[in-house]
A.B. asks: 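Questions regarding the structure given below will be posed in turn.
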Amino acid sequence: MTTLPESLLQGYASFKNSLNKTDKQHYKQLAREGQTPKIMVVACCDSRVSPETIFNTAPGEIFVVRNISNLIPPFEPDGQHHSTSAALEYGVRILKINHIVILGHENCGGITGVLNNTMNPIANSDFIGQWLDLLTPLSKELLADSSLTLSQKHTALEQLSLKQSLLNLRSFPWIKQLEEAKKLSLSAVWFAIEKSELWIWQEASKTFEKLARSA
């Protein structure tokens with residue numbers, strides 16, 4: 001008989017045993033009434049960076065889509081399969097969320113692949129290379145900058161990609177329209193894994209600033 005990994009079975013048992021009366025009622029309500037999140041988070045697939053953990057949210061509180069390197073592609077209604085764009089459309093047009101957060105992070109494997117050119121062997125035959133090609137225009141200038149260390153280039157590209165993803169979000173006409181009508185707000189944040197710090201992009205100063213709040 002096919003079964004789940006033991007760690008998942010144990011985790012599920014712990015989850016079930018920890019549910020109190022309030023938790024059970026919450027799940028019943030979610031099942032009956034559906035989801036009504038107000039916030040959508042676009043995050044990386046990286047197992048170290050969980051939006052629900054970082055923001056300490058309850059089930060049903062945030063609508064999450066995860067992809068390699070938390071990228072937002074530009075608006076391209078070309079009849080092809082667009083998972084992230086479909087999730088954006090569902091979140092904005094169906095769920096009526098009013099805030100989109102793009103969550104990037106330190107030591108992103110996709111960014112490493114772009115800077116080290118390690119994705120080349122699969123770039124022409126599989127999906128990762130084509131997906132990360134979204135970063136090619138940004139990486140070329142960084143790679144040519146001899147004044148930066150590889151580590152500095154890594155962080156710079158992680159944060160540049162967040163800014164580009166904000167621009168790409170605004171290429172979706174229904175997102176742009178809602179933002180201009182002040183019915184939808186957009187944010188980009190960068191999570192430093194080692195120090196558990198959150199840095200937020202500030203449009204006014206054009207910089208990422210560390211969130212000082214700790215409680």
A.B. asks: Among Leu103, Ile100, Asn70, which residue satisfies the side-chain contact (heavy atoms from CB on, under 4.5 Å) criterion with Val41?
C.D. replies: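 When side-chain contact (heavy atoms from CB on, under 4.5 Å) is applied between Val41 and each of Leu103, Ile100, Asn70, only Leu103 qualifies.
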A.B. asks: Looking at Lys153, I'd like to know if its NZ atom is crowded, meaning that more than 12 non-hydrogen atoms belonging to other residues, nucleotides or ligands lie closer than 6.0 Å.
C.D. replies: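 Yes, because the 6.0 Å sphere around NZ of Lys153 holds more than 12 heavy atoms from other groups.
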A.B. asks: Under the salt bridge (charged side-chain N to carboxylate O under 4.0 Å, His left out) test, which residues partner Lys183, sequence neighbours left out?
C.D. replies: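 In terms of salt bridge (charged side-chain N to carboxylate O under 4.0 Å, His left out), with neighbours along the sequence ignored, Lys183 is linked to no residue.
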A.B. asks: Going by the angle between their ring planes, with limits at 30° and 60°, are Trp199 and Trp190 parallel, tilted or perpendicular?
C.D. replies: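 The rings of Trp199 and Trp190 stand perpendicular, inter-plane angle above 60°.
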A.B. asks: Less than 4.5 Å apart, any side-chain heavy atom of Leu162 and any of Trp201?
C.D. replies: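 Result no, sub-4.5 Å side-chain heavy-atom pair not found.
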A.B. asks: Apply side-chain hydrogen bond (donor to acceptor under 3.5 Å, both in side chains) to residues Ser205 and Thr207 and explain how you reach the verdict.
C.D. replies: CA-CA 5 Å; Ser205 62; Thr207 59; 2.8 Å; yes
A.B. asks: Taking only residues two or more places apart in sequence, or in another chain, which ones meet Ser187 in a side-chain hydrogen bond (donor to acceptor under 3.5 Å, both in side chains)?
C.D. replies: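 Result, side-chain hydrogen bond (donor to acceptor under 3.5 Å, both in side chains) vs Ser187: His99.
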A.B. asks: State, yes or no, whether a side-chain contact exists between Leu143 and Val114 at a heavy-atom distance under 4.5 Å.
C.D. replies: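 A side-chain contact under 4.5 Å is absent here.
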A.B. asks: Taking the side chain as everything from C-beta on, heavy atoms only, tell me whether Phe191 gets closer than 4.5 Å to Ser196.
C.D. replies: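 A side-chain contact under 4.5 Å exists here.
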A.B. asks: Would you say the side chain of Val49 lies within less than 4.5 Å of the side chain of Cys44, judging by non-hydrogen atoms?
C.D. replies: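 No, side chains not in contact.
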A.B. asks: Taking C-beta and beyond as the side chain, do Ser165 and Val42 meet within less than 4.5 Å on heavy atoms?
C.D. replies: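 Contact flag for Ser165/Val42 side chains = no.
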A.B. asks: Do Leu88 and Val65 come within less than 4.5 Å of each other through their side chains, counting heavy atoms only?
C.D. replies: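 Leu88 vs Val65: side chains apart.
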A.B. asks: Of Leu169, Val189, Leu71, Leu186, which is the lone residue that meets side-chain contact (heavy atoms from CB on, under 4.5 Å) with Ile102?
C.D. replies: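 In the set Leu169, Val189, Leu71, Leu186, the residue that makes a side-chain contact (heavy atoms from CB on, under 4.5 Å) with Ile102 is Leu169.
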A.B. asks: Kindly write out the residues that satisfy salt bridge (charged side-chain N to carboxylate O under 4.0 Å, His left out) with Glu179, not counting sequence neighbours, or none if the list is empty.
C.D. replies: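 With neighbours one apart ignored, the set is Arg170.
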A.B. asks: Taking the side chain as C-beta and beyond, is there a heavy-atom pair between Phe55 and Val64 under 4.5 Å?
C.D. replies: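 Sidechains of Val64 and Phe55: no contact.
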A.B. asks: For Lys210, give me all partners under salt bridge (charged side-chain N to carboxylate O under 4.0 Å, His left out), at least two apart in sequence or on another chain.
C.D. replies: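 Partners of Lys210 by the salt bridge (charged side-chain N to carboxylate O under 4.0 Å, His left out) criterion, ordered by chain and then number, come out as Glu197.
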A.B. asks: Holding to salt bridge (charged side-chain N to carboxylate O under 4.0 Å, His left out), I want the full list of residues that pass it with Glu6, two or more places apart in sequence or in another chain.
C.D. replies: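 So Glu6 forms no salt bridge (charged side-chain N to carboxylate O under 4.0 Å, His left out) with any residue.
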A.B. asks: Run the side-chain contact (heavy atoms from CB on, under 4.5 Å) test against Lys21 and tell me which residues pass, sequence neighbours left out.
C.D. replies: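 With sequence neighbours excluded, Lys21 shows a side-chain contact (heavy atoms from CB on, under 4.5 Å) to no residue whatsoever.
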